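This report concerns only the one structure given below.
In what follows, chains carry the letters A, B, and so on, assigned in the order in which the sequence lines appear, proteins first and then strands, with residues in each chain numbered from 1. As the structure is a computational prediction, the values presented were derived from the model and not from experiment.
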Protein chains: 2
Amino acid sequence: MAGRFKPRLAVWPIEPVLKRLRALTSISESDEVLIREAGERREQHGPGEELIVEGQPIRRRRFVVAGWAACQRMLPDGRRQIFRFVLPGDTIGFQDAPHALWSVVALTALETADSESVLAATAEDRAPGLARAIAKGKIHDQQLLLDHMVRLGQQTAFERVAHLLLELQSRLEVVGLGDGRRFPLPLTQEVLADALGLSIVQVNRTLQQLRRERLIELRSGVAILLQPEALSGIADYEPPRLVSGVR
Amino acid sequence: MAGRFKPRLAVWPIEPVLKRLRALTSISESDEVLIREAGERREQHGPGEELIVEGQPIRRRRFVVAGWAACQRMLPDGRRQIFRFVLPGDTIGFQDAPHALWSVVALTALETADSESVLAATAEDRAPGLARAIAKGKIHDQQLLLDHMVRLGQQTAFERVAHLLLELQSRLEVVGLGDGRRFPLPLTQEVLADALGLSIVQVNRTLQQLRRERLIELRSGVAILLQPEALSGIADYEPPRLVSGVR
DNA sequence: CGCTTCTTTGACGAGCCTCAAACTGAGTGG
DNA sequence: CCACTCAGTTTGAGGCTCGTCAAAGAAGCG
């Protein structure tokens, strides 16, 4: 169960990583080769596995190829705050801090690719395009953190849930998972509660309300936004400035 | 009123900046000289002045010498979320993003020093100690952001206020403002409310309660923590890992 | 002294939490 | 194939926290 490194046959295609990088900036043929090579060195993780432990040094940096994880902090009394969901195409451990500022925990079965070789290439200036994409990725991650902070500080339960669903839809669409309305959502209501700063019961009731008002459907790990525009209005959600906003 | 550059006689000493850098890592004589030289190029800002506008490019990066500011985002309906308070010794505009992720607004009269010369020196590898201190500062700022997120997501009004007061006390003590119990707090209750995700009324009632329980005193811009240990227990506050935790 | 801004207080209601229990569905083992 | 278990979801009841509205004090400032 502990995060031992076991290179394995690649089960899932590396495409989500490429799609996210391409969404951030255009990358070259040689950049793509680098990523695909990194994609050969896979690692599998079970749900609940702690890939990064808060306060510990960051061992190996990775791309997420498939599955979901969460950046979180546990409080001594058992409460936890989830800062960010980590989706396919996202990175793990790319912050510059020598010690992790948060834990990263697998929420589902997770498949990652070792990114150290890619990062070495960018550090040695052998892949300027990739370096730019990764830098932009960091900024985008920071944006997501701030968006989440606004949710927690200013929005009602109803708005928070709607806002988060829109964010997840948009992020997943970029990496080719789901379309404009439908996307995988392999989260328990407890996990949603810990992300949104709500109780499980309140998350449940809010989801009921969203269903009752025919704004979403949600069953067996798949979410459908029936009226994305209405949701955007409710949550005051504006799609992210992935390409714009960043040099 | 707009942020025009007017070099002026330095009114406040540059010490807070030096103190914060020294708290982050030991800096050399020549580093100190660089900072003191930057400290000659002062700028004054009135309360309400927007030093950085969200989405705009970052013009001039600065050290805060005296006064308070806030990193914030405004919502279209007039709500705002304050992400972080900017105190003397802190930096403004040091994020790597080409466009600001948040606005920075002066909450009081503010005095800053131009840090571009210092940053040029670190970029050209002429001040490795300073570079390390500044990198650590960024990580520390990120920590503060995460702490604030935990406040917003997991804590009650009472805990949030206590936690924030402890954080401010600790940060101000590092830069030589206030002692272990007493520190300046030039914030209106409205500003506190926008930071803590509470209504003004609730902030007021919470402060009353803290006073009633003889945990704090608060008048004319000065806060006194009467029982810091009790507050730490209430808020589950652990003093920051400024020096530890970071390489 | 009169203005504005900020703080304080009361009354009321809505939102959200807690506790508790029933229900569902997916294994798991007899 | 059928209990049985266990994790997750759903529902109800009740109460506390916190927000809103409103208005009265207090404090700074020209």
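- The one candidate from V161(B), L226(B), L165(B) that meets the side-chain contact (heavy atoms from CB on, under 4.5 Å) condition with I216(B) is L165(B).
- Qualifying side chain to side chain contact (heavy atoms under 4.5 Å, CB included) partners for A157(A), counting only residues two or more places apart in sequence or in other chains: L198(A), Q202(A), T206(A).
- Note on residues 161-171 of chain A: pairs passing salt bridge (charged side-chain N to carboxylate O under 4.0 Å, His left out), not counting sequence neighbours, are D90(A)-R171(A), R151(A)-E167(A), E167(A)-R171(A).
- Contacts of E15(A) classified as side chain to side chain contact (heavy atoms under 4.5 Å, CB included), with partners at least two apart in sequence or in another chain: P13(A), L18(A), R36(A).
- Sorted by first and then second residue, the pairs that involve residues 57-81 of chain B and meet ring-ring contact (aromatic ring centres under 6.0 Å, His included), not counting sequence neighbours, are F63(B)-F94(B).
- Under the ring pair (Phe, Tyr, Trp, His ring centres under 6.0 Å) criterion, F158(B) pairs with no residue at all, not counting sequence neighbours.
- I200(A) meets the side chain to side chain contact (heavy atoms under 4.5 Å, CB included) test with Q189(A), E190(A), A193(A); sequence neighbours excluded.
- Direction change of the helix axis from one end of the helix from dC1(C)-dG30(D) to dG30(C)-dC1(D) to the other is 30°, with five pairs defining each end axis (rounded to 10°).
- Looking at residues two or more places apart in sequence or on another chain, you find no ring pair (Phe, Tyr, Trp, His ring centres under 6.0 Å) involving F85(A).
- The side chain to side chain contact (heavy atoms under 4.5 Å, CB included) check on I58(B) picks up I52(B), R61(B), A100(B), with sequence neighbours excluded.
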Per-nucleotide protein contact string for nucleotides 7-20 of chain C (B base, S sugar-phosphate only, - none; heavy atom under 4.0 Å): SBBBB----BSBB-

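- Residue pairs satisfying the ring-ring contact (aromatic ring centres under 6.0 Å, His included) criterion with at least one member in residues 168-226 of chain A, sequence neighbours excluded, are absent.
- Note that the first and last nucleotides of DNA chain D, 5' to 3', having any atom under 4.0 angstrom from a heavy atom of chain B are dC18(D) to dC21(D).
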